[in-house]
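Okay, so here's the structure we're looking at.
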Amino acid sequence: MTYTVAALLGVAGALVVDLFVLRTRLVRRLVFWATYPIVLVFQLLSNGILTGRGVVRYDPDAIIGLRIAYAPVEDLLFGFALVLLTLSIWTRLRP
C-alpha cells in the first residue's frame, strides 16, 4: 500500500467516524473549518522542518510527489484525519 492510499483511507475513516459512527458531524460545523487553518499552519511548519532537514524521508514511489513546505501532500491528509478523529472522540466523550 502506498502512502497516498493510506492517507486517503485515513481521511475516509475519520470522516465515517465523525459523520456516522460518533455522529459529532464536526466537518459540517463552521467553527471546525474556521479553526482548522491554525492547526494547518503548525503542521506545515513542523513538517517543513522535519522533511527539509532530512530527518524524515519518503520513498518517491510511495507518494504522488506534490510537496508543500518540503512535506508530501499526503502528510496534510494524515494530519487532517488525526485532528478530526481526535476532536470527534473528544467531542463525543465530553459530558
Side chains of Leu45 and Val41, heavy atoms from C-beta outward: is any pair under 4.5 Å?
no
Closest approach of Leu44 and Ile68, non-hydrogen atoms and distance?
CD2-CG2, 3.5 Å
For Trp33, all residues meeting ring pair (Phe, Tyr, Trp, His ring centres under 6.0 Å), sequence neighbours excluded
Phe80
Kindly work out whether a path of hydrophobic side-chain contacts (I/L/V/M/F/W/Y, heavy atoms less than 4.5 Å apart) joins Leu40 to Leu8.
yes
Once you round to the nearest 0.5 Å, how far does CG of Leu15 lie from CG of Leu85?
10.5 Å
Kindly work out whether a path of hydrophobic side-chain contacts (I/L/V/M/F/W/Y, heavy atoms less than 4.5 Å apart) joins Leu26 to Trp90.
yes
Quick check: is Leu22 connected to Leu93 through a chain of hydrophobic side chains (ILVMFWY, heavy atoms under 4.5 Å apart)?
yes
Show, in sequence, the C-alpha distance, side-chain angles and deciding distance for Phe32 and Leu84, and conclude whether the side-chain contact (heavy atoms from CB on, under 4.5 Å) test is met.
CA-CA 9 Å; Phe32 176 81; Leu84 178 60; 4.1 Å; yes
Going only through I, L, V, M, F, W and Y residues with side-chain contacts under 4.5 Å, is there a path from Leu82 to Leu77?
no
How close do Ala81 and Gly10 get, counting heavy atoms only, and between which atoms?
CB-O, 3.4 Å
Is there a continuous path of hydrophobic side-chain contacts, each under 4.5 Å between heavy atoms, that joins Ile38 to Val83?
no
Is a side-chain donor or acceptor of Asp18 paired with a backbone partner of Ser88 at a separation under 3.5 angstrom?
no
Could I get the full list of ring pair (Phe, Tyr, Trp, His ring centres under 6.0 Å) partners for Phe78, not counting sequence neighbours?
Tyr3
Please check: side-chain N/O of Arg29 versus main-chain N/O of Thr24, any donor-acceptor pairing under 3.5 Å?
yes
Stepwise side-chain contact (heavy atoms from CB on, under 4.5 Å) test for Thr35 and Val39
CA-CA 7 Å; Thr35 56; Val39 174; over 6 Å; no
Does the Glu74 side chain pair with the main chain of Ala62, one donor and one acceptor, at a distance under 3.5 Å?
no
Distance (rounded to the nearest 0.5 Å) between Thr2 OG1 and Asp61 CG
10.5 Å
Without placing hydrogens or testing angles, list every side-chain donor-acceptor pair under 3.5 Å for residues 48-56, not counting sequence neighbours.
from, atom 1, to, atom 2, distance (Å)
Thr51, OG1, Asn47, O, 2.6
Thr51, OG1, Tyr70, O, 3.3
Thr51, OG1, Ala71, N, 3.4

List the atom of Arg28, the atom of Leu19, and the distance in Å for their closest heavy-atom pair.
NE-CD2, 4.0 Å
Evaluate side-chain contact (heavy atoms from CB on, under 4.5 Å) for Met1 paired with Leu9, printing each intermediate quantity in order.
CA-CA 11 Å; Met1 175 183 317; Leu9 288 174; 4.0 Å; yes
